[in-house]
Amino acid sequence: MTSTWTEPSNTATALLLLGRGSDPATERGVDCPGDLPAPSDPGLVERAAAAKAALGDRLFVLGHHYQRDEVIAFADVTGDSFKLAREAAARPAAEFIVFCGVHFMAESADILTGDDQAVILPDLAAGCSMADMAVLGQVETAWETLTDLGLAGDVVPVTYMNSSADIKGFVGRHGGVVCTSSNAERALRWAYEQGSKVLFLPDQHLGRNTAVLELGFALGDCVLYDPHKPGGGLTPEQLRDAKMILWRGHCSVHGRFTLDSVNEVRSRVPGVRVLVHPECRHEVVTAADEVGSTEYIIKAIEAAPPGTAWAVGTELNLVRRLALAHPEQQIMFLDRAVCYCSTMNRIDLPHLVWALEELVAGRVPNRITVDAETAAYARKALDQMLALP
Ligand code: 13P
Ligand code: SF4
């Protein structure tokens, strides 16, 4: 049997299959000009603390819940992507916002903050594979298809926060809204007041889970648009009949939790509560007891009576921290085979120390900026999100 190899997807950071060569451009920007401290340096904690103290109120450090413990220790605020976007917008006095999270979050922070504020991502390689699954050119092609079919006027684009500024700009230009995992239901309800169909980018699972479990849609109301196929791999009738057009994107971490892992933990731990993030597959979310954003997951466990058992389906850094913080509960990771989010983990203490010490030295490293036109449209879609009832 001959095997044919097809090109990896044409996203900006397409990964090459092992043994198929190398692409030096995929890791562009990871260099740290100056001195990146060695991870073994025993003085890293003191150096980070000293640099933070030297910067004082000029600095504000945001930390997403999926960050490593060593980084979370220096965050002024921790949160899910919605809370962090609001926190960034609420700090006009901070000259430097160091975003310990991933690239799309830092872009959103730049859009929501003033021109005199610099948003810094300690490692430029901290991207998001899900965000890379929707590239502006692909989304414009999809929109042309909908326009040619006479449908675009009925469609409201909604993008998950986990998307590039380009995509948020596209959504803002076409009257849509950004959502996060903690407000997807409200964003979709708003969108269906504006039009009869939604194009949901780029996470098919969050879109499907919210449409079916929160809005009461049938699975058949949703179609899956594959950007690598002509017409998305859908017939004009399918596009015409659909209420929800889901982009074929997913999270490479949450997409790995399976129904088997839910069944397995239920048989092993009687009475266990299964708590998952809405980026998980539909059958996993349907089989779980509770579903919610990272902030929701934390609050659910904090509010639970001692002695309860939880199997949590989200990124491992957060689950580990919850297990350590709540010895009165039995907290376990839903699936032993799922690993950390590799891009969230790019931000480590050496990169944080490097970024903070550069700032102390009067240099602004790894500044994330979004061009003015994209930012203006993206801001429209973000503001629409922040204004949701
Ligand atoms: P939330 O923080 O909004 O729950 O999102 C999770 C996530 O995957 C961020 O990358
Ligand atoms: Fe992206 Fe998934 Fe990592 Fe979040 S957990 S940053 S969605 S790859």
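The shown structure was predicted, so the numbers you read here are calculated from the model rather than taken from an experiment. Every heavy atom of this structure was used, including side-chain atoms; hydrogens, water molecules and symmetry mates were not. Start at 1 and go down the list; that is how both ligands and their atoms are numbered.
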Under 3.5 Å: donor-acceptor pair, side chain of Asp110, backbone of Val370: yes
Option passing side chain to side chain donor-acceptor pair (under 3.5 Å) with Thr314 (candidates His65, Glu279, His277, His254): His254
Contact (N/O only, under 3.5 Å) between His64 and ligand 1: yes
Short N-O contact, Arg173 and Glu373, less than 4.0 angstrom: no
Donor-acceptor under 3.5 Å (Asp80 side chain, Thr294 main chain): no
Subset of ligand 1 atoms that lie under 4.0 Å from at least one heavy atom of Ser81: 1 (P), 2 (O), 3 (O), 5 (O)
Close approach, Lys83 and ligand 1, non-hydrogen under 4.0 angstrom: no
Ligand 1 versus Tyr296: contacting region, heavy-atom distance under 4.0 Å: neither
Side chain, backbone, both or neither: Phe82 near ligand 1, heavy atoms under 4.0 Å: neither
Within-shell test, Ser181 vs ligand 1, heavy atom, strictly < 4.0 Å: yes
Cluster overlap Met385 with Leu215, hydrophobic side-chain contacts below 4.5 Å: yes
The one among Cys251, Cys341, Cys128, Gly255 that brings a heavy atom closest to atom 1 (Fe) of ligand 2: Cys128
Residue and atom name of the nearest protein heavy atom (relative to atom 8 (S) of ligand 2), distance in Å to one decimal: Ser129 OG, 3.6 Å
Met105 and ligand 1 - part of the residue with a heavy-atom distance under 4.0 Å: side chain
Atoms in ligand 2 flagged as close to Asn162, the criterion being non-hydrogen separation under 4.0 Å: 7 (S)
Nearest neighbour of atom 8 (O) of ligand 1 from the list His254, Glu279, Glu295, on a heavy-atom basis: Glu279
Identity and distance of the protein heavy atom lying nearest atom 6 (C) of ligand 1: His277 NE2, 3.3 Å
Donor-acceptor contact present, side-chain Asn209 to main-chain Cys280, <3.5 Å: yes
Numbered atoms and elements of ligand 1 in range of Ser293, under 4.0 angstrom, heavy atoms: 4 (O)
Side chain, backbone, both or neither: the part of Met161 lying under 4.0 Å from ligand 1 by heavy atom: neither
Residue part near ligand 2, for Glu279, under 4.0 Å between non-hydrogen atoms: side chain
Phe74 six-ring centre to Lys52 NZ/CZ under 6.0 Å and within 45° of normal: no
Tyr160: numbered ligand 1 atoms lying under 4.0 Å from its heavy atoms: 5 (O)
Ion pair Asp76/Arg91, N-O distance below 4.0 Å: no
Donor-acceptor under 3.5 Å (Arg281 side chain, Gly255 main chain): yes
Which of the ligand 1 atoms, numbered from 1, are nearer than 4.0 Å to a heavy atom of Asn162: 7 (C), 8 (O), 9 (C), 10 (O)
Ligand 1 contacted by His65 (non-hydrogen, < 4.0 Å): no
Parallel, tilted or perpendicular: ring planes of His174 versus Trp143, cut at 30 and 60 degrees: tilted
Linked, directly or transitively: Ile298 and Met332 (ILVMFWY side chains, under 4.5 Å): yes
